[in-house]
*Asks:* 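Sharing a structure, written as structure tokens. Questions coming.
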Amino acid sequence: MKTKKRKYFTIRLSMLVFIAAVISLTACFSWTPPTDDAAESEQPLASECMTEETSEKISVSDGEKIKEEPLEEVQVESQAEEILSSMSLEEKIYQMFIVAPEQLTGANPVTAAGEVTKHKLMEYPVGGLIYFEANIVSPEQIKEMLDSTQSYAYEIEGLPLFLCVDEEGGRVAKIGNNTAFSVRRVPAMQEITGERDAYEAGAAIGGYLSQFGFNVDFAPVADVLTNSGNTVIGDRSFGNDPDAVTRLAASFSAGLHSENILSAFKHFPGHGATEADTHEGFAYTDKTYEELLEAELKPFAAAEENNVDFVMAAHISVPEVTGDNTPCSLSHKMITEILRDELGYQGLVITDALQMGAITQSYTPQEAAVLSIQAGVDLLLMPQELPAAFQGVLEAVEAGEITEERIDESVRRIIRTKCKNLG
């Protein structure tokens with residue numbers, strides 16, 4: 001009797017499992033007759049399913065593979081939320097800083113990554129590092145240093161670091177202008193006039209950056225050179241035609257992406273309209289918002305549709321827009337109201353280096369860090385003093401001047417970018 005009951009239970013259980021499987025498959029493979037427009041549509045099919053092994057989208061109507069992605073958006077969101085929920089407030093704040101390796105370790109210059117780097121990443125688990133000429137000695141040296149640093153980050157933070165460099169081509173090329181490297185020399189952007197050439201320039205730079213272990217290039221310059229007296233940007237710009245600059249900058253960015261290097265449009269809202277150098281001190285343009293929209297802002301207005309990963313905010317002032325001399329990098333009006341809300345950019349926003357004269361002459365490290373986050377910035381580049389800047393943000397959160405939700409907003413965006421592109 002017991003044997004019969006057990007057999008009946010087994011049969012019944014098998015039937016239930018079979019029915020559940022049929023229901024699941026029916027839900028996944030539900031079919032809607034196509035309309036006449038279906039063949040012309042480029043929108044994702046509503047009946048696509050994800051295979052766990054390959055993370056490939058499959059068209060169930062014909063069984064053919066239609067797209068392959070490293071991670072689906074839903075997976076990225078889920079992964080980002082899981083990581084974010086496991087982080088302390090301190091860890092989240094540190095994730096918002098990108099610093100030079102000397103700022104992290106105290107050594108000068110840093111040309112290798114060992115126990116000191118590992119220990120300091122444990123103490124200051126920053127979101128990224130940026131490297132300059134003094135850090136880059138030879139192909140073997142830079143690759144070993146970056147590989148070791150990234151390995152430590154995965155071990156300590158469970159996340160990759162943004163490993164960054166300014167490699168624009170022309171006179172701003174930390175590797176391209178180093179005689180120890182046999183890489184293709186890319187000319188100044190002023191010399192590039194066609195979209196194909198711009199793409200190939202980005203791909204060439206992206207190719208060697210990826211080879212050495214970098215994953216972020218703070219390029220291309222998307223400044224429209226509307227002020228002929230500007231020498232800070234000068235030949236780094238694609239020119240004075242806003243539409244041409246937009247197309248060429250987008251093509252350069254796509255070239256970087258072809259080699260798995262993240263791109264950045266800089267310097268929002270357009271350093272090409274100024275004469276002074278923010279490295280030294282105050283710089284401004286007296287253009288109105290409407291005037292900026294006609295030229296300088298055009299490339300940045302197209303950044304979202306061109307999948308640009310970062311927009312770098314300049315320290316220039318636009319008093320005719322903001323009503324005062326607050327640098328754009330610290331301005332809620334410029335970052336949140338204009339760049340985010342009006343121009344629709346949803347990627348990462350990073351400040352230009354916070355140790356530049358335009359910031360340090362008027363703000364303490366604590367003030368600059370707090371104001372930039374209140375403005376809506378996600379990442380703070382090279383604060384004058386990392387411990388002071390971190391402490392300023394932490395105290396602002398504890399005092400209610402910055403909500404933890406505001407911190408989460410940026411860190412979620414940072415983690416999402418890392419999981420999607422670097423994971």
Side-chain angles (χ1 to χ4, degrees), residues 42 166-172 186-206 216-228 230 232-259 261-274 285 287-314 316 318 320-321 328-329 334-352 417:
E42 295 183 359
D166 289 307
E167 194 77 6
E168 302 169 9
R171 58 189 162 105
V172 181
V186 173
M189 297 303 100
Q190 188 180 66
E191 299 179 34
I192 295 176
T193 58
E195 291 176 46
R196 170 52 59 182
D197 289 341
Y199 178 90
E200 290 179 354
I205 289 174
V216 176
D217 186 9
F218 289 139
V221 168
D223 297 313
V224 181
L225 196 62
T226 56
N227 188 331
S228 58
N230 184 301
V232 179
I233 301 302
D235 64 357
R236 299 164 63 194
S237 168
F238 288 104
N240 58 14
D241 180 336
D243 294 320
V245 170
T246 301
R247 292 193 304 271
L248 295 173
S251 295
F252 187 102
S253 171
L256 289 175
H257 287 166
S258 73
E259 298 293 340
I261 297 294
L262 304 187
S263 65
F265 271 18
K266 62 184 184 183
H267 309 79
F268 173 82
H271 214 312
T274 68
T285 175
K287 287 195 172 186
T288 65
Y289 180 53
E290 291 70 27
E291 289 172 329
L292 290 171
L293 275 176
E294 292 176 1
E296 288 82 5
L297 285 175
K298 278 194 172 183
F300 301 102
E304 178 67 20
E305 66 186 71
N306 286 305
N307 301 311
V308 174
D309 307 289
F310 297 78
V311 164
M312 180 179 287
I316 65 172
V318 284
E320 293 300 319
V321 181
C328 290
S329 53
M334 294 304 299
I335 302 300
T336 296
E337 295 180 31
I338 291 180
L339 181 58
R340 290 286 193 210
D341 298 341
E342 296 193 28
L343 302 185
Y345 183 67
Q346 298 306 310
L348 292 168
V349 179
I350 184 170
T351 68
D352 207 340
T417 300

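Numbers here simply count residues along the sequence, with the first being 1.
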*Asks:* Where is the tightest heavy-atom contact between Val232 and Arg171, given as atom of each residue plus distance?
*Replies:* O-NH2, 3.6 Å
*Asks:* What heavy-atom pair brings Ala295 and Val224 nearest, and what distance separates the two atoms?
*Replies:* O-CG2, 3.7 Å
*Asks:* Do you know which of Pro299, Ser251, Pro220 makes side-chain contact (heavy atoms from CB on, under 4.5 Å) with Phe238?
*Replies:* Pro220
*Asks:* Checking side-chain contact (heavy atoms from CB on, under 4.5 Å) between Phe268 and each of Leu343, Asp352, Ile316, Asp223, which is the one that passes?
*Replies:* Leu343
*Asks:* What are the two closest non-hydrogen atoms of Glu191 and Pro187, and how far apart are they?
*Replies:* OE1-CB, 3.5 Å
*Asks:* Does any part of the side chain of Lys298, heavy atoms only, come nearer than 4.5 Å to the side chain of Asp243, both counted from C-beta?
*Replies:* yes
*Asks:* So which heavy atom on Asn230 is nearest to which on Gly272, and how close?
*Replies:* ND2-CA, 3.9 Å
*Asks:* Inspect the contact between Lys266 and Asp166 and indicate whether a charged nitrogen and a carboxylate oxygen are less than 4.0 angstrom apart.
*Replies:* yes
*Asks:* Using modelled atom types and a 3.5 Å cut-off, is there a donor and acceptor pairing between side-chain atoms of Asn240 and backbone atoms of Leu225?
*Replies:* no
*Asks:* With a 4.5 Å limit on heavy-atom distance, are the side chains of Val318 and Pro269 in contact?
*Replies:* yes
*Asks:* Could you check whether any side-chain heavy atom of Met312 comes within less than 4.5 Å of a side-chain heavy atom of Thr351, counting everything from C-beta outward?
*Replies:* no
*Asks:* Would you check, one step at a time, whether the test side-chain contact (heavy atoms from CB on, under 4.5 Å) holds for Phe252 with Ser263?
*Replies:* CA-CA 9 Å; Phe252 187 102; Ser263 65; over 6 Å; no
*Asks:* Going by heavy atoms in the side chains, are Arg236 and His267 under 4.5 Å from each other?
*Replies:* yes
*Asks:* Quick check: closest heavy atoms across Val186 and Ala204, and the distance to 0.1 Å?
*Replies:* CG2-CB, 4.3 Å
*Asks:* Output the distance between atom OH (Tyr199) and atom CG (Leu248), rounded to the nearest 0.5 Å.
*Replies:* 15.0 Å
*Asks:* Apply side-chain contact (heavy atoms from CB on, under 4.5 Å) to the pair Thr226 and Glu296, showing each step before the final yes or no.
*Replies:* CA-CA 8 Å; Thr226 56; Glu296 288 82 5; 2.4 Å; yes
*Asks:* Testing the basics here: between Asn307 and His257, what is the closest heavy-atom pair and its distance to 0.1 Å?
*Replies:* O-CE1, 3.0 Å
*Asks:* For Phe310, which of Asp217, Val349, Val216 qualifies under side-chain contact (heavy atoms from CB on, under 4.5 Å)?
*Replies:* Val216
*Asks:* Out of curiosity, Ile261 CD1 to Glu167 CD, how far, rounded to the nearest 0.5 Å?
*Replies:* 10.5 Å
*Asks:* Given side chains that start at C-beta, do those of Phe300 and Tyr345 come closer than 4.5 Å, heavy atoms only?
*Replies:* no
*Asks:* Could you tell me the separation between the OH atom of Tyr289 and the CE atom of Met334, rounded to the nearest 0.5 Å?
*Replies:* 8.0 Å
*Asks:* To the closest 0.5 Å, what do you measure between CD1 (Ile233) and CE (Met189)?
*Replies:* 13.0 Å
*Asks:* Could you measure the distance from the CG atom of Asn227 to the NE2 atom of His271? Nearest 0.5 Å is fine.
*Replies:* 11.0 Å
*Asks:* Would the distance check show the side chain of Glu168 and the main-chain N or O of Ala219 forming a donor-acceptor pair, the cut-off being under 3.5 Å?
*Replies:* no
*Asks:* Rounded to the nearest 0.5 Å, what separation is found between the CD1 atom of Ile205 and the CD atom of Glu259?
*Replies:* 11.5 Å
*Asks:* Among Thr417, Leu256, Val308, which one satisfies side-chain contact (heavy atoms from CB on, under 4.5 Å) with Leu262?
*Replies:* Thr417
